[in-house]
Each structure stands twice: as structure tokens, then as C-alpha cells.
Amino acid sequence: MTQRIMMQRILGFCLFTLILLPATWSKAEEDHNHDHGHSDTIHDIADDHADGLAHENEMPLSGHEGHAHVDEHGHAETNHVELNKKQRLSAGIVVQPVAKEAVAKQIEAPGEIRLNTYVTSQVTPRIQAQLVKRHAHLGDRVSKGQPLVTLSSVSMAEAQGKILEANSEWKRVKKLGRKVVSERRFQEAQINLQLSRARLLAYGMPDTQIDLLIQKNKIDQANGQFTLLAPQAGTVIQDHFFIGQMAEPGTLLFEITDESKLWVEARVTPESVSHIERDTIAKVLIGNSWIDGRIIQEYHALDQTTRTLAVRLEISNPEDHLHPGQFVTVRMPTGKQDETALSLPSDAVLRSPDGDWVVFVEQAPGEYAPKEVRLVEQLSQRVLIEGL
């Protein structure tokens, strides 16, 4: 292989790539890079690469081509290549020492922001009723017990009438007293009042409205109207209904949630779940920002489509910038360390033309040679390798 072809290959490989060194790197070169503030983009590097190939007198090589030889894996190794300082700076080459170190492993997985259903409520009618008045709208922040919607029902009107009758009978029996009224009649009046109240509660009429109905004790108040109240404080995130609509039992009228705490569900392989520990802090990438999330739960049933398990995290959303449905990336610690692994940035490991993984090792200042390695494991932005 000619030196020009090898030059093209190493410059192509070295874009945003770490060149490895078995010893320490040149402090003078580090200071030079820092002082000049080199931060070439991929387009700038490509332009410098093209200029360099057009002016070979500015890119002195070793002066000899050398010969290929067989390495310890039985593959033919290409010759080394020499680059001067300008070429190294143009290619964005960084040289660092590599040593075995303890590496905290992480699992990276796609995820999605979900509602925290533990702080979410749905408001539905318990009986068939007509919607007659709206008191809250989508996006409203409501407090617990705040009126949401008023309904009207024939069944409710009948139940309201019965509690007025039961209440009148109970008052009459109590006024007469146990000396005049038999014990049986006394108990029946008391039980009928309790049953009438229980029926109204079961139909969805709140306690406060029942008390007001009994207090007024007017038959014209038994008109079948009642108002559903907010079961919790939060934000109205759903209110799909029309005034005048006839709602069946269970029809979703309002959904209210506390968005200050949301969930993230990350999808991982079943094998990875055993390495994830609850109550540990993970990182969640939302847009261009990383936030902390706490691992709180793990699913125990595989998704039928993706054959993955979901891991649930809890994240804070104090300013209401995050919303269910957003896609995120999650990095979760495994709690394990590998004390014998060589750890490199992912960009430092490249594919050779024959498909093997290689890194470039500095043989001498400015002199580099590819070295075949084996990938042990891919982590988030780093890889574990063997072979150096």
C-alpha cells in the first residue's frame, strides 16, 4: 500500500478520534493546542485534508514505504504513518495514555415521559346524566373540592326525593320519642335515612350538597342536579365533552394530574434489568439537557412487540417544561465496576477495511500504527477493549 493511500486512511480515521499512547504524551504539544484554541469542525478538517494532499511538500512522510507483516492475530498489518505537527493539528488528533482502570458501567436506553398515575385522577359520572354546566377548562389549575361540572339525572332526582321523605320521617319519630314510638319504627326511620344518603353518595352527589339539600328541606330542590368536584389538586389535562351531552356511567369528563412529578419509562433488555438497582440516580437526556431521575420500579412483563422490559424513573418538573409523550435517552448505572478493563472514548475505536476494530497507537512522536483490538463491551460514550 502506498504512503499516500495510508495517509488518506489515517486522516479519515482521525476525525474526532483519540490516538492511543502506551507512555505519556507530549506536554509541549498539549500547551500548544491549548494556547491556539484548536476546535476544528469536521468540515474544516476535511478542507485542510484536501489542501494537504494537494501540497505534498508541506506533509513530509517517513521517506520509505516499508512492508506489511503478519501480526499476532494472523492479519496483515499496514505500515506506520508519520505526521508533522501541522497535520496532527489539522486532523484534530489527540494523544493520551491508556491504562487499566475501574469503570462504572452504565446502561443507555431509549425512554418516554409518562404521566405519574399515582397522582392522577379521572372524573366520571356514576349514573346516566346530562351535562348542564362547565366550571373548569383544559389547562386550569384546580384545588381539591373545586366544582368541575354540573349534571342532571332522573335517577338522582328520585333519590333526592326519597332522602327528603326519609328525613321528614326521622324528624317526626325523633320528636315523638321512644316512649310513644315503637323501637322497630324508630330503627326503620333511622335506617331509611342512612340508606337514602348512601344512595345519593353512590350516585355521585357529594356530602356537602346532600347536607345542603336536607337543610333546605324543600321538595323543589330535588331537581336531579348535582356537581362533581375535583378529587385532588392539579392541572386539568383532559376535558372532552359538550354541554347538553348525555354521559353514560364511566364516561371520562376530566383528567387531573400533578405534573410536578412525572415518570420516565426506559426500555431495556431482560438481561440488563438484573444489573439495575432501585433508588439509584440515573441521567435523563431531554433535548440538549441532562436532568436527574430516580429509579423507582421495574416491570415484570415483557412488551409483546419489542420484547423489552420497562424501568420506571421519577423526575421533577417544577416549572412545567416537561410533558408526557416526549422521547428521551436514559443512562442508568449498573452498580458494578470492572477493575481490569481498558476504557476508551467510543470515537477512538474504528473499523478497519477488513471489518476489524482498530485503534491507532503512537510508536514515536508523530508516528502512528493501527492496532487490532477486541471490543469487550459498549457503554455510554465509552468502550471496553482488549488487545493492547
Side-chain angles (χ1 to χ4, degrees), residues 6-27 29-34 38-42 45 49 71-75 77-83 85 87-109 268-269 271-272 275 282-283 285 290 329-388:
M6 191 60 193
M7 172 65 69
Q8 292 172 340
R9 176 177 297 176
I10 191 171
L11 284 177
F13 279 171
C14 289
L15 302 183
F16 304 113
T17 299
L18 205 71
I19 302 301
L20 307 179
L21 180 67
T24 58
W25 66 328
S26 169
K27 177 64 177 176
E29 285 194 22
E30 179 184 11
D31 295 339
H32 179 84
N33 293 347
H34 181 269
H38 293 285
S39 58
D40 296 332
T41 65
I42 191 167
I45 297 172
H49 178 199
D71 64 10
E72 59 182 341
H73 300 285
H75 295 84
E77 276 193 321
T78 54
N79 292 334
H80 66 268
V81 171
E82 295 182 7
L83 300 177
K85 182 181 292 186
Q87 294 162 349
R88 294 194 297 272
L89 293 176
S90 176
I93 294 174
V94 178
V95 182
Q96 288 183 343
V98 179
K100 293 181 178 180
E101 58 183 6
V103 180
K105 296 184 180 180
Q106 293 180 322
I107 296 173
E108 184 170 300
V268 301
T269 61
E271 296 77 16
S272 301
H275 303 307
K283 293 293 183 180
L285 177 62
W290 290 94
T329 299
V330 180
R331 289 180 183 166
M332 295 169 283
T334 63
K336 294 186 176 182
Q337 288 187 334
D338 190 335
E339 298 180 355
T340 61
L342 291 175
S343 170
L344 309 177
S346 300
D347 291 342
V349 185
L350 306 166
R351 284 283 192 185
S352 66
D354 60 1
D356 294 324
W357 292 103
V358 298
V359 297
F360 280 91
V361 177
E362 186 179 62
Q363 307 288 347
E367 183 178 322
Y368 311 102
K371 176 70 174 178
E372 183 179 332
V373 295
R374 186 177 72 85
L375 257 65
V376 177
E377 188 171 353
Q378 289 185 318
L379 308 175
S380 58
Q381 297 187 328
R382 296 191 70 82
V383 294
L384 305 183
I385 66 166
E386 290 180 348
L388 287 182

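All residue numbers refer to positions in the sequence shown, counting from 1. Note that the structure is predicted; figures quoted are calculated from it, not measured.
Across every non-hydrogen atom of Trp290 and Thr329, the tightest pair is CZ3-O, 4.1 Å. Listed here is the closest heavy atom pair of Ala348 and Val359: O-CG1, 3.4 Å. The two residues Gln363 and Ala369 come nearest to each other via the heavy atoms NE2-CB, 3.4 Å. The two residues Ile93 and Tyr368 make their nearest non-hydrogen contact at CG2-OH, 4.2 Å. For the pair Leu350 and Asp347, the tightest heavy-atom approach, listed with the atom from each and the gap, is CD2-O, 3.8 Å.
Residues passing the side-chain contact (heavy atoms from CB on, under 4.5 Å) test with Glu386 are Arg374, Val376, sequence neighbours excluded. Under the side-chain contact (heavy atoms from CB on, under 4.5 Å) criterion, Ala109 pairs with Ala266, Val268, Met332, sequence neighbours left out. Here Thr269 pairs with Ser272 under the side chain to side chain donor-acceptor pair (under 3.5 Å) rule; sequence neighbours left out.
Here the CD atom belonging to Glu362 is positioned 12.0 Å from the CD atom belonging to Gln96, to the nearest 0.5 angstrom.
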